[in-house]
Structure formats: C-alpha cells, structure tokens
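Below: one structure, written as structure tokens.
We name chains A, B, ... by the order of the sequence lines, and we start the count at 1 in each one. Only this structure's heavy atoms are used, side chains among them; waters, hydrogens and symmetry mates stay out.
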There are 2 protein chains.
Amino acid sequence: MAAQRGEGDGVVTRPGETGTEAPADVRERARAIPEAAVARLAVYLRVLSGMVEQGVTTISSEELAGAAGVNSAKLRKDLSYIGSYGTRGVGYDVEVLVSHIERILGLTRKHSVAVVGIGNLGHALANYGGFPSRGFPVAALFDIDPDLTGVPVGGIPVNHIDDITTVCAEREVSIGVIATPPQAAQAVCDRLVSAGVQCILNFAPVVLQVPDYVEVRKVDLAVEMQILSFHVARRADEAAGDVVNGIGVDGVVIRP
Amino acid sequence: MAAQRGEGDGVVTRPGETGTEAPADVRERARAIPEAAVARLAVYLRVLSGMVEQGVTTISSEELAGAAGVNSAKLRKDLSYIGSYGTRGVGYDVEVLVSHIERILGLTRKHSVAVVGIGNLGHALANYGGFPSRGFPVAALFDIDPDLTGVPVGGIPVNHIDDITTVCAEREVSIGVIATPPQAAQAVCDRLVSAGVQCILNFAPVVLQVPDYVEVRKVDLAVEMQILSFHVARRADEAAGDVVNGIGVDGVVIRP
DNA sequence: TTCTGTGAATGCGTTCACAGCC
DNA sequence: GGCTGTGAACGCATTCACAGAA
C-alpha cells in the first residue's frame with residue numbers, strides 16, 4: 001500500500017472565498033451528512049492539505065482513500081455528500097476539494113476556544129500549535145488555582161474559573177475544552193453553558209449532563225485503553241481457544 | 001480501525017486450555033460484542049465503580065443508564081451481551097456487574113503501557129493517575145531528545161526511541177501510546193510493531209499504516225474540534241435558514 | 001407489580017456494482 | 001480506458017415491545 005507520508009499540521013491555504021455565510025444548498029447538504037462522514041471529512045482535509053504543500057494538484061479517490069485509511073467507495077460516498085466536485089476519468093482537484101470541505105466543516109469562520117483546567121493536559125492543549133493554525137484560536141484559559149491566575153501559558157494569561165461566564169461571553173468563545181479533574185467537570189460545564197458555549201470537548205472522565213442544544217464530544221483515555229485491553233484479551237482468548245479459520249500462531253494472530 | 005469481524009462461523013470452544021485464561025463461554029461472548037457496546041461497557045464500569053465507593057449495592061437499568069448517558073434499553077442490551085447477571089424486578093448487583101465487565105474487558109490482566117514522545121502531552125499521559133490505578137501501568141517512556149534520556153518523568157526514566165524495540169519487548173509492553181509530532185509517528189509506530197506491540201493509541205494527527213493484526217485507536221484533537229465546528233456551522237445555518245420542524249429561535253437552536 | 005432479557009422491527013452506515021461522463 | 005457518482009443491497013447498531021422471572 002502506497003505509504004503517503006501524511007504531513008501533519010500546516011498552514012491551510014484558503015483560496016479566495018472569504019467569510020461568506022453558507023448558501024442555501026450548502027445548508028441543505030450539511031443537514032444530511034452522517035456524523036461518521038463528518039469525522040472522516042476532517043481527516044481527508046488534513047491529508048489534502050499535506051498534498052497541497054507537496055504541490056499535488058489532482059488526486060484520485062483511490063489514492064486519497066489510501067492515504068486516509070479508508071476504502072475508495074466510502075471516500076467517494078463521503079465526498080458525494082458535499083457535492084460533485086470530481087472529474088470522471090481524472091479525479092479531484094485538490095484545492096477545490098480543500099475549500100469545499102472547509103466550507104462544509106465551518107472552517108471559514110473562526111471558532112474561539114477556551115481551555116479550562118491548566119494542568120499537564122491543559123498546558124498541552126494551550127500550546128498545541130494545531131489549534132490556532134487551523135482556525136481555532138485559543139482565546140481564554142481558566143484554572144481554579146489562584147497562583148496560576150495571570151500567569152501566561154502559551155501566551156495567554158490564565159483566568160480564574162469564577163470568571164468563566166463573563167470572559168467567555170466577552171470573547172465570544174464558541175468551543176469550551178474541559179481538562180479538569182473529574183470532580184470539577186460538571187460545574188465547569190454548567191458555567192460554560194451559561195456563558196453561551198454550545199460546543200464542548202470533554203477530557204474529564206465523567207458523563208456531562210447538558211441541555212439538548214449543547215453538543216458534547218468526549219475524549220476518554222481510560223475508555224480508549226480499556227477498548228484496547230478488550231482486544232488484547234479477545235486475541236489471547238482466540239489464540240488459546242480453537243483455531244477457527246486461517247489463524248496464525250505463536251502469539252501473532254492473523255485475521256480476526 | 002482496520003478490524004473486520006468475521007461472520008457466522010460455528011466456533012467450537014474447548015474447555016480448559018491454559019488455566020488462567022478466560023473460560024470458554026466468556027471467550028464465546030467476547031467475540032460477539034459489538035465494538036460500540038465495548039466502549040459503553042467501559043463507561044458503565046466507571047459509573048459502577050463510583051457507585052461502589054458510595055456504598056450502592058444494587059442499581060436498576062434505568063438509573064445506571066441515566067448516569068451513563070444512554071437509554072435503558074441500550075444499556076440492557078449491552079449488558080445482555082456479557083450475560084444475564086440482573087435480577088428481574090430488582091436490578092443489578094453493582095459488584096457482580098463490575099467484576100463481569102472487568103473480566104470481559106480483560107482488566108484482570110495487567111497491560112503495560114509505553115508512552116512515546118515526552119512533550120506536554122506525553123508528560124500529561126505519564127502522570128495521568130487513571131492509568132496505573134486501573135491496571136495500565138506505564139512501563140516505559142521514550143523520546144528522541146537525548147537530553148531527556150535518563151530523566152525520570154512520573155517516576156519512570158525516559159529512554160531513547162532507538163531502544164523502543166528492545167525495551168518494549170523486554171518489559172512486555174502490550175499497549176503503545178504515540179504522542180510524538182506527526183512526522184515521527186509512523187516510524188515510531190513501526191518500531192512498536194516490530195517490538196510486538198499489537199495495540200496502539202495514536203495522538204499524532206496522521207493515519208498510521210499498520211499490519212492487519214495491529215489494533216489502532218486514534219485520538220485526534222483537530223478532528224474533534226472540526227466536528228464541533230461543523231455543528232456550530234450547521235446550527236448557524238439552520239437558524240439563518242428556514243424553520244424546519246420544532247426549532248427554537250433567538251440564537252438557541254433546539255434539536256441537533 | 002416491577003424490572004430484566006431478548007426476539008423483532010427499524011434505522012443508519014458501509015459496500016457493491018454499474019451507469020454516466022471524461 | 002479510467003474514474004466518479006450513486007441507487008440498491010447488505011450488515012450492524014439501536015430501539016421497540018413484550019414475555020418472563022422475582
């Protein structure tokens with residue numbers, strides 16, 4: 001399989017296409033895109049951005065799919081949700097695709113981010129270069145520790161969490177990132193919500209209770225580890241159990 | 001995610017192979033649990049652990065579902081995948097449930113973890129208390145920076161990435177965590193794989209190419225943010241566009 | 001009666017396979 | 001010939017709804 005060396009972050013070149021609001025047909029489409037496809041579009045976008053930097057101008061569904069780790073039928077289906085921007089017999093124009101995906105993902109607007117909880121993870125997030133360069137400027141940091149208040153992290157001074165509501169409203173934060181200990185997460189979440197934040201990325205291992213109109217995405221390390229653990233166990237069991245179809249041996253199981 | 005599930009096969013399970021391994025019926029079940037359910041089981045487990053600490057001994061599907069943020073039918077279905085451990089008319093015994101979920105998730109074994117890339121995120125991971133306490137001892141740390149080599153982080157000395165293969169094999173690492181910059185990720189991944197690591201948690205924004213028998217889970221901050229961005233955009237569009245069903249107004253859109 | 005456990009029905013996402021255009 | 005775009009088929013996951021145990 002062609003090992004496209006996927007470049008990571010990079011400046012997204014956005015041709016023309018200034019801050020227009022979405023026209024009716026885009027609006028229509030966005031409604032219909034499956035959640036799973038949205039996640040993949042973001043991946044395609046990154047791969048494509050890497051292509052732009054390498055000077056690639058055209059790409060086939062097969063190539064792009066390979067680089068993104070999906071099969072080509074799925075890729076074409078995903079792209080078809082956002083419109084028909086390919087050329088039969090040829091492939092897709094990389095820049096065209098980039099700009100359309102960006103538009104669908106709403107990346108033509110800036111989305112200010114607030115990070116709450118400036119521990120190890122919060123530091124990592126505040127310093128994460130991938131955010132600002134991709135249209136997600138970190139506009140505010142919060143922590144409960146008064147000693148941190150005012151100290152700049154990644155160039156932004158830390159505020160006290162008591163000020164979440166006012167500061168977030170002031171700076172028009174649209175995405176809140178919760179990187180606090182679990183005990184604090186729900187309270188922080190409530191404050192974010194009352195500041196008008198409608199999208200939350202939650203790193204705390206808690207199930208947040210929010211109003212219906214708030215979108216929460218969870219990143220749960222323990223859960224990820226446990227899913228992996230499950231697979232380890234399943235494999236060990238399969239190996240220990242009977243050989244079913246064409247299964248390898250000596251610890252390395254082939255074909256689940 | 002490359003794992004395909006094999007389909008209907010008359011799997012013959014043999015009793016009593018290696019003594020400490022899961023018994024035949026557990027093995028049988030594990031094979032059949034949908035991936036999505038596995039992720040939720042991990043969540044139920046955490047909620048239940050909290051219950052144990054609070055001294056709760058029995059819980060109904062309704063309560064547990066509420067605490068885990070799912071509906072009760074789904075919860076019961078998920079639990080049914082691992083067996084029938086409830087009491088009709090009463091509910092589930094919390095401790096019984098905990099131990100069965102732990103068994104299914106393979107948490108009765110230790111899974112040694114190696115973290116590669118000791119930047120901000122790597123530090124956060126190395127210090128993350130949730131790992132060791134839940135059966136995921138961090139057994140090794142790696143970085144490319146020679147200045148870091150030998151320096152202990154979270155109590156564990158950092159090794160140079162050139163030693164990944166030997167050290168991981170030595171310490172029987174079963175889960176590798178990649179927290180490097182994107183450019184380094186694939187090379188690191190290859191080394192982990194050649195050290196026998198079959199499960200990888202990848203924080204680098206790259207699509208890793210791995211053999212089929214390796215399980216990769218990806219945590220991609222940029223993708224998460226972009227999914228949220230999509231929702232912000234969709235909402236703004238809905239608000240700007242027509243009122244479709246029973247959608248609220250004045251900036252607060254109801255029903256995602 | 002209460003609440004679990006589960007077949008059956010439904011919905012969603014993925015894959016297939018080919019029509020349509022270059 | 002090559003490659004996209006997409007209806008149709010398929011399989012997996014969720015939800016329904018009720019039978020059955022305490």
Side-chain angles (χ1 to χ4, degrees), chain A residues 2 25 29 31-44 48 56-94 96-97 100-101 104 227 230 256, chain B residues 1-9 25 28-44 48 56-94 96-97 100-101 104 227 230 256:
Chain A
D25 65 318
R29 288 216 148 89
R31 203 185 308 273
I33 305 178
E35 182 87 10
V38 172
R40 287 190 299 266
L41 284 170
V43 175
Y44 305 153
L48 288 167
V56 178
T57 59
T58 295
I59 193 168
S60 72
S61 65
E62 201 72 49
E63 291 172 293
L64 180 50
V70 302
N71 70 49
S72 65
K74 192 186 281 184
L75 176 116
R76 287 200 303 278
K77 183 63 115 183
D78 288 344
L79 292 183
S80 81
Y81 292 128
I82 68 174
S84 304
Y85 303 114
T87 308
R88 292 169 197 236
V90 179
Y92 300 89
D93 181 285
V94 175
V96 168
L97 221 43
H100 283 293
I101 296 177
I104 288 286
I227 294 170
F230 171 80
Chain B
M1 250 171 281
Q4 293 283 60
R5 172 131 344 106
E7 88 236 25
D9 42 42
D25 64 319
E28 184 74 13
R29 288 217 148 91
R31 202 186 308 274
I33 304 178
E35 182 87 11
V38 172
R40 287 190 299 266
L41 284 171
V43 174
Y44 306 152
L48 287 166
V56 179
T57 59
T58 295
I59 193 168
S60 72
S61 64
E62 202 72 49
E63 293 171 291
L64 180 50
V70 302
N71 71 50
S72 65
K74 192 186 281 184
L75 175 117
R76 288 200 302 278
K77 184 61 116 185
D78 287 344
L79 292 183
S80 81
Y81 292 128
I82 68 173
S84 304
Y85 303 114
T87 308
R88 294 172 196 234
V90 179
Y92 300 89
D93 180 285
V94 175
V96 168
L97 220 43
H100 283 293
I101 295 177
I104 289 286
I227 294 170
F230 171 79

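Rounded to the nearest 0.5 angstrom, B/Leu97 CG and B/Ile59 CD1 are separated by 9.0 Å. Taken from CG in A/Leu75 to CD in A/Glu62, the straight-line distance is 9.5 Å, to the nearest 0.5 Å.
Between B/Ile101 and B/Tyr44 the shortest side-chain heavy-atom distance falls below 4.5 Å.
With rounding to whole Å, B/Leu97 atom CG is found 11 Å from C/dT4 atom P. The distance between atom CD of B/Glu62 and atom C1' of D/dC16, rounded to the nearest whole Å, is 14 Å. The distance from atom OH of B/Tyr85 to atom C1' of D/dA21 is 17 Å, rounded to the nearest whole Å. Atom-to-atom, CG of B/Leu75 to P of C/dT4 comes out at 8 Å; the value is rounded to the nearest Å. In this structure, B/Asp78 atom CG and D/dC12 atom C1' are separated by 13 Å, rounded to whole Å.
Contact annotation: B/Ser84 reaches the phosphate of C/dT6 (side-chain N/O to OP1 or OP2, under 4.0 Å). Note on B/Ser61: a side-chain N or O is less than 4.0 Å away from OP1 or OP2 of C/dT4. The side chain of A/Lys77 places no N or O atom within less than 4.0 Å of a non-bridging phosphate oxygen (OP1 or OP2) of C/dT14.
Across all their heavy atoms, A/Leu79 and A/Leu41 have their closest contact at CD2-CD2, 4.1 Å. The heavy-atom pair separating B/Ile104 from B/Ile82 by the smallest distance is CG1-CG2, 3.7 Å.
Of the candidate nucleotides D/dT15, D/dA13, C/dC16, D/dT15 has the atom lying nearest to any side-chain atom of B/Lys74. Of the listed nucleotides (C/dT14, C/dT4, D/dG5), C/dT14 has the atom at the smallest distance from the side chain of A/Ala36. Checking D/dT15, C/dT14, D/dT6 against the side-chain heavy atoms of B/Asn71 singles out D/dT15 as nearest. Minimum atom distance to the side chain of B/Tyr81 is reached by D/dT14, of the listed D/dT14, D/dG5, C/dT15. In this structure, the nucleotide among D/dG5, C/dT4, C/dG13 sitting nearest to the side chain of A/Tyr92 is D/dG5.
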For nucleotides 18-21 of chain C, tabulate all protein N/O to nucleotide N/O atom pairs closer than 3.5 Å, reporting atom names and distance.
residue : atom : partner : partner atom : Å
C/dG20  : N3   : A/Arg88 : NH1          : 3.1

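Here A/Lys74 pairs with A/Arg40, A/Val70, A/Asn71, A/Asp78 under the side chain to side chain contact (heavy atoms under 4.5 Å, CB included) rule; sequence neighbours left out. Every side chain to side chain contact (heavy atoms under 4.5 Å, CB included) that B/Thr87 has, sequence neighbours left out, goes to B/Val90.
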